[in-house]
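Just so we're on the same page: letters track the sequence lines, and every chain starts at 1.
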2 protein chains.
Amino acid sequence: MPNNQFKRGELYSFITGKASTAIARRLQKKFNAAGLNITIEQWSVLYHLWKQEGISQQELCNATFRDKPSITRLVDNLERLNLVKRVASANDRRINLIYLTKQAQKLQEETMALAEETLNEALITVPSDRIDVCKEVLQIVYDNLK
Amino acid sequence: MPNNQFKRGELYSFITGKASTAIARRLQKKFNAAGLNITIEQWSVLYHLWKQEGISQQELCNATFRDKPSITRLVDNLERLNLVKRVASANDRRINLIYLTKQAQKLQEETMALAEETLNEALITVPSDRIDVCKEVLQIVYDNLK
DNA sequence: GGCATATAGTTGTTTGTGCAACTATCCAAA
DNA sequence: TTTGGATAGTTGCACAAACAACTATATGCC
């Protein structure tokens, strides 16, 4: 049976996300070492804006799996850093569309390279078929709970 | 080659730990629904104390993969909730040994059951051999980066 | 048109995290 | 025995997350 996999003693790291915490810390250190003055959380917002800018804060909530207050404050901080701009939507005045500044556009290549580097360091020695299984399981977990 | 597994577009959820975030949120909701007035982070400290109490804050740092200030404040809050007590070590007066109160001992069974329930919900439909692969990969990631 | 309801975003509060700087204590070597 | 370095823990600061309560705008229905 697929159920009841977890005896005591095995719960901990799954729930606390030790692995993803370690990845995020390593990436943050790389950002700092490169003199990039952004947090991982801010980067995660830019990540989606690089794919498509001019989306609403609500769309950023959905994309980043965060609630509205979190996005409000992340956008606040990104705006203070001159990395994004809020632009009121012409159609619907409740909506802020978020656009990247030129400074933010310049960050894309360097930060994405550091992110790939981090994951390569994390996954070196892991065969790709096992990585695929791991990714699939984590996706299922997310889908089961969201 | 095991390297270079990650093309753009696949980075995001690994780095942000979507799955473990979802698990932690679900468990926190279960705690709240059960009227248990503790956070997941506090629970993660209790988790290690249930295995062995009377350990130092530094040992809690190692066990929970947190830095010293984080543990100081978690222990502060657990002490305010009357769940743990700091006891100065007789041998080494720099050290606080952390002990559980009776209230905290009572929490163990109920919270562990909710944690197992959460993981079963997360992993229902996932065959156990794939879960094993996933756990192994995450452990390797952690070991590669720590 | 006017009102109820839904949606987008903001603000306040509590909790947690990471870093740097700090205090207190211990230990070892001169 | 003193002194210098290591270790344990605390505090201050900036940033982030979750929840509740709030404002402003839009929309659908009478």
Side-chain angles (χ1 to χ4, degrees), chain A residues 15-18 20-22 24-33 36-45 55-81 83-84 86-98, chain B residues 15-18 20-33 36-46 55-81 83-84 86-98:
Chain A
I15 290 173
T16 56
K18 267 182 10 176
S20 57
T21 303
R25 282 182 194 168
R26 173 69 62 97
L27 180 54
Q28 182 70 66
K29 290 211 166 93
K30 284 182 193 287
F31 284 176
N32 297 343
L36 300 173
N37 186 29
I38 60 170
T39 66
I40 297 303
E41 294 82 3
Q42 290 164 4
W43 174 82
S44 80
V45 171
I55 63 179
S56 70
Q57 295 187 197
Q58 183 57 54
E59 286 169 312
L60 281 172
C61 292
N62 302 335
T64 64
F65 192 43
R66 290 183 169 88
D67 69 357
K68 291 192 291 179
S70 295
I71 290 296
T72 292
R73 275 141 187 161
L74 282 171
V75 172
D76 285 349
N77 287 339
L78 286 167
E79 219 170 18
R80 271 197 284 132
L81 292 167
L83 293 173
V84 305
R86 286 176 165 98
V87 177
S89 164
N91 305 331
D92 186 337
R93 287 168 52 200
R94 292 171 303 180
I95 294 179
N96 293 332
L97 302 176
I98 312 299
Chain B
I15 290 174
T16 56
K18 269 183 6 178
S20 57
T21 303
I23 291 171
R25 284 183 193 166
R26 173 69 62 98
L27 180 55
Q28 181 70 66
K29 289 211 167 91
K30 284 182 193 288
F31 284 177
N32 297 344
L36 301 173
N37 186 30
I38 59 169
T39 66
I40 298 304
E41 293 83 2
Q42 290 164 3
W43 174 83
S44 80
V45 172
L46 296 178
I55 62 179
S56 70
Q57 294 187 197
Q58 183 57 52
E59 287 170 311
L60 282 173
C61 292
N62 302 336
T64 64
F65 191 43
R66 290 182 169 88
D67 69 355
K68 290 191 292 180
S70 294
I71 290 296
T72 292
R73 277 141 187 159
L74 283 171
V75 172
D76 285 349
N77 287 339
L78 286 166
E79 218 170 21
R80 269 197 285 133
L81 291 167
L83 294 173
V84 306
R86 286 176 166 99
V87 177
S89 164
N91 306 332
D92 185 338
R93 287 168 52 203
R94 293 171 302 178
I95 293 179
N96 294 332
L97 301 177
I98 312 299

Subject >> Options D:dA18, D:dT25, C:dG9, nucleotide nearest the side-chain atoms of A:R94 >> reply: D:dT25
**OP:** Give the nucleotide from the list C:dG16, D:dA17, D:dG9 with an atom nearest to the side chain of B:Q42.
**Re:** C:dG16
Original post:
Which nucleotide sits closest to the side chain of B:R86: C:dG18, D:dT10, C:dG9?
Top reply: D:dT10
Subject >> Base of D:dT25 paired with side chain of A:R93 (donor-acceptor, under 3.5 Å) >> reply: no
Original post:
Heavy atoms under 4.0 Å, any strand shown: does B:D92 hit a base, just sugar-phosphate, or nothing?
Top reply: sugar-phosphate
Original post:
Among the nucleotides D:dA8, C:dG9, C:dT15, which one has an atom lying closest to any side-chain atom of A:S56?
Top reply: C:dG9
Original post:
When you measure from the side chain of B:N77, which nucleotide among C:dG16, C:dG18, D:dG9 comes out closest?
Top reply: C:dG16
Original post:
Looking for any heavy atom pair under 4.0 Å, which part of the strands does A:N96 touch: base, sugar-phosphate only, or nothing?
Top reply: sugar-phosphate
**OP:** Identify the two heavy atoms, one from B:S56 and one from B:I95, that lie closest to each other, and give their separation to 0.1 Å.
**Re:** CB-CG2, 3.7 Å
Original post:
Which nucleotide in the list C:dT17, D:dA8, C:dT10 gets nearest to the side chain of B:K68?
Top reply: D:dA8
Original post:
Hey, does the side chain of B:T39 come within less than 4.0 Å of C:dG16's phosphate (OP1/OP2), counting only N and O?
Top reply: yes
**OP:** Report the distance from atom CG of B:N32 to atom P of C:dT14, rounded to the nearest whole Å.
**Re:** 16 Å
Original post:
Do any N or O atoms from the side chain of B:E79 and from the backbone of B:R86 form a donor-acceptor pair under 3.5 angstrom?
Top reply: yes
Original post:
Which of the following nucleotides, C:dG9, D:dA18, C:dT17, is nearest to the side chain of A:T72?
Top reply: C:dG9
**OP:** Check if the side chain of A:R73 and the base of C:dG12 share a donor-acceptor pair of N or O atoms closer than 3.5 Å.
**Re:** yes
Original post:
Do any N or O atoms from the side chain of A:Q28 and from the backbone of A:I38 form a donor-acceptor pair under 3.5 angstrom?
Top reply: yes
**OP:** Please check if the side chain of B:Q42 supplies one atom and the backbone of B:V75 the other of a donor-acceptor pair under 3.5 Å.
**Re:** no
